[in-house]
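Below is one structure, written out as structure tokens; the observations come after it.
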Amino acid sequence: MRALCWHGEEDVRVDEVPDPELVNPHDAIVEITATAICGSDLHLYDGYVPTMREGDVLGHEPMGEVVDVGSAVETLEEGDRVVVPFTISCGSCWFCEEELYSLCDNSNPNAEVARKVMGQSPAGLFGYSHMLGGYAGGQAEYLRVPFADVGPLKVESDLPDEQVLLLSDVFPTGYMAAENAEIEEDDTVAVWGCGPVGQFAIQSAWMLGAGRVVAIDRVPERLAMAREHGDAETIHFEEEDVYDRLMAMTGGRGPDRCIDAVGTEAHGTGLMGLTDKAKQQVNLEADRPHVLRQAIKCCRKGGTLSVPGVYVGHADNVPVGPLMNKALTVNTGQTHVQRYLDPLLEKIEDGDIDPSFVVTHREPLERGPEMYETFRDKEDGCVKVVLTP
Amino acid sequence: MSTDQRGVTEREPLHGPNSESSRGSLERGGRIAAATVGGAIVALGIKRRSLGGAAAALAGGWLLYRGLVGGRSGDESFDTDSASGDGRLDAVDASDAVETTRSTTIGASPDEVYERWREPETMSRLYGGLFDVTARDEDRWHWTASGPLGATVSWDTQVVEDRPGDCLRWESHENAPVSNEGQVRFREAPAGRGTELTFRFRFEPPGGSVGAAVTKRLEIVPESLAAVVLDRFKSLVETGEIPTLERNPSARGAGDLL
Ligand SMILES: [Zn+2]
Ligand SMILES: [Zn+2]
């Protein structure tokens, strides 16, 4: 089959690779009909995620049609149309039973590698480095899905792919980000990063009762999207000082809830931003926690910080003193996608939201390598790319 | 490096008695070749830093050792002529032994977990890709570590303590080339979380202090071996299968990274 494979920093190619096969009894094979490029794929593209290996198939936001199922699969059969969550979860361990799906104990074949780095291993993920599973991803013609009874969401309505595809990651991720922000009625919520996760965090903040949403970014198209689709007030962080502006907007209190929907590749301004970049380039610091720092500084005392943005390693100069003295609550984690599939699908089917508003580019799989570049450089108004194999 | 060299020096006198027996220079040439090949396999194992590599290093270490002390090449059981009087490996003092202990929590009762460990095919599934394990009978397993170029080491283990739902302990046979023992203990976990399983594993690396140095440089061998075995066992009990990357389109096997 054809697949988008990682070959190194800024080197993604369409390769011919062997078709995936059923290996375990709970596996299913899905023929991919639509697959998206995620902002966190850019961390792979830019070489910030360790334990990638040449030839790895990328992609963790796929959907398609079930073409084969293992002997133990009960809920799916050939011909079913499914959205595949990026988290692989067994459904049987303590964490899965607690609905903490992204912390599944049994889905990472390289758990010991993750354990050496983190102390314990989170769940395996599709196409997201060997430390987090090493599973081939979904930017390909076919995908092997382990524990197929637990992950894939069956879509029985005739909604087009584009409207349901983003249930695989960015829509639930934005929703969980808002949930993690512990929003109370009429709270002011600040969202750093207006990529797809930020856009869905904005929408979800309203759903959860926010009184005001402020979106922070530097890309005009994304800020426009946050204003038009998300009803957010916006701050262009290169044009004005984020702290000053937020204080002016909130009577000096700071936003009640802050969401870092950026993660490791934040574009910092000023001296700290430059220091991070230099350190990252000599591998002293894997992550650039610029947004995290700014959010801690801006957040209201006793407020909540929600971090859906992907961090991968260690970070310097995170202001722990302010965090502690201001009594902030921090909620983090990869998305427990399975927890949100049914309720969010219902919202789409009821017409409460059409997630396809973030999709700006639709291209065949062959154009994948160019689209990684376009997306990374935020050219051509690119917010979200959907590829069809 | 210096540790390796010291190891080699310590072995030197052992050539004496063996050389004085019927072994000729041809065999000594064979020994040098075996030692060279063994050394190459050890180096390969270290370079790969993987579990498969660890098994290769184990087999390579064994070949190296036999090259140095003058054992026969091949796959047959250990030749006691080249071992000291107690039938164990020469010059393996207690400090060369590698010991590791790891724990995991499994969502099933101690009795169920014990039963699962005792199923005949469990060992081969837990060690698949690392060692070849076959059950000789209920209490006896046969182990083989294979390296490249046909280097293999085999040994048998025997259950020596068996308390259902509580503890199971096994030991290698007296003349095993890789002298080892292991134990699993099952304890009820708090808050209904099932069973806390503790796995203790001890072995004397083949090749005495050469092997020990190799194993220490590999670091990862006993620690990660125990961890991977526990991960696999937990998944098997909780889900009925072991997560794997076998036949991944990117063509990489499970645990290959280690
Ligand atoms: Zn994603
Ligand atoms: Zn699980």
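The basis for the numbers below is simple: all heavy atoms, side chains too, and nothing from hydrogens, waters or symmetry mates. Owing to the predicted nature of the structure, the values given are computational and were not obtained by experimental measurement. Every chain is numbered from 1 and lettered A, B, ... according to where its sequence line falls, protein lines coming before strand lines.
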Which portion of A:Leu22 sits near chain B, non-hydrogen atoms under 4.5 angstrom: backbone

Measure distances from A:Pro20 to the heavy atoms of chain B and classify the residue's part below 4.5 Å as side chain, backbone, both or neither. both

Using a 6.0 Å cut-off, check whether atom [atom1] of [X] has over 12 heavy atoms from anything other than its own residue.
X        : atom1 : result
B:Glu161 : CD    : yes
A:Glu16  : CD    : yes
A:Glu77  : CD    : no
B:Glu121 : CD    : yes

Which value, rounded to the nearest 0.5 Å, describes the distance between A:Glu112 atom CD and B:Leu225 atom CG? 10.0 Å

Going from CZ on A:Phe147 to CD on B:Glu241, what distance comes out if it is rounded to the nearest 0.5 angstrom? 4.5 Å

Are B:Pro243 and A:Tyr135 close enough that some pair of their side-chain heavy atoms sits under 4.5 Å apart? yes

So, for [X] and [Y], which heavy atoms are closest and what is the spacing to 0.1 Å?
X        : Y        : value
B:Asn248 : A:Ala136 : OD1-N, 3.3 Å
A:Cys93  : B:Glu238 : CB-OE1, 3.4 Å
B:Pro249 : A:Val57  : CB-CG2, 4.3 Å
A:Arg144 : B:Glu246 : NH1-O, 4.5 Å
A:Asn24  : B:Ile242 : ND2-O, 2.7 Å

By the salt bridge (charged side-chain N to carboxylate O under 4.0 Å, His left out) test, which pairs, at least two apart or in different chains, include something from residues 88-106 of chain A? A:Asp105-B:Lys234

Can you say whether B:Ile106 sits under 4.5 Å from chain A via the side chain, the backbone, both, or neither, judging by heavy atoms? neither

Residues from residues 25-43 of chain A approaching chain B under 4.5 Å (heavy atoms): A:Pro25, A:His26, A:Asp27

Under 3.5 Å, side chain of B:Asp231 to main-chain N/O of A:Ala111, donor-acceptor pair present? no

